[in-house]
Amino acid sequence: MDNFDELVSSLTPREENSAIKSYQNTVAMSCPACEESFDDMVVCKENATSLNLSKSLDLCVAVHDERAVIFTHQK
């Protein structure tokens, strides 16, 4: 992802722990994978990370600095 730093600077930080860092897309940025607006971006900090989702979401995945970056789209 070429524009990762620009993307992060446009998003609102939401949660950070040892496994992930999440951001909310409050400005309707486009998903780098599908070009549609996304709801949240989750950056995985560890190679093995578990996500517990409370609702059904469409997911797009990209890689930045060898880390998975997940973009959520609410159905």
I need the full list of salt bridge (Lys or Arg N to Asp or Glu O under 4.0 Å) pairs touching residues 13-34, with sequence neighbours left out, sorted by first then second residue. Glu16-Lys21, Glu16-Lys45
Quick check: do Val69 and Phe4 have side-chain heavy atoms less than 4.5 Å from each other? yes
Spatial distance of atom CE (Met41) from atom OG1 (Thr12) [nearest 0.5 Å]: 11.0 Å
For His73 and Ser37, which heavy atoms make the closest approach, and how far apart are they? ND1-O, 3.1 Å
For Ile20 and Cys44, work out which heavy atoms get closest and say how close. CG2-CA, 4.4 Å
So, using side chain to side chain contact (heavy atoms under 4.5 Å, CB included) as the criterion, who are the partners of Val61 when residues are at least two apart? Ile70
Can you sort out the partners of Asp40 under side chain to side chain contact (heavy atoms under 4.5 Å, CB included), two or more places apart, ordered by chain and number? Gln24, Thr72
Please, which pairs that meet ring pair (Phe, Tyr, Trp, His ring centres under 6.0 Å) have at least one residue in residues 23-47, sequence neighbours excluded? Phe38-Phe71
Which heavy-atom pair separates Arg67 from Val43 by the least distance, and what is that distance? CD-CG1, 4.4 Å
Residues in side chain to side chain donor-acceptor pair (under 3.5 Å) contact with Ser10, at least two apart in sequence or another chain: none
Using a 4.5 Å cut-off on heavy atoms from C-beta on, say whether the side chain of Asp5 contacts that of Leu7. no
Does Ala19 have any side chain to side chain contact (heavy atoms under 4.5 Å, CB included) partners at least two apart in sequence or in another chain, and if so, which? Asn17, Thr49
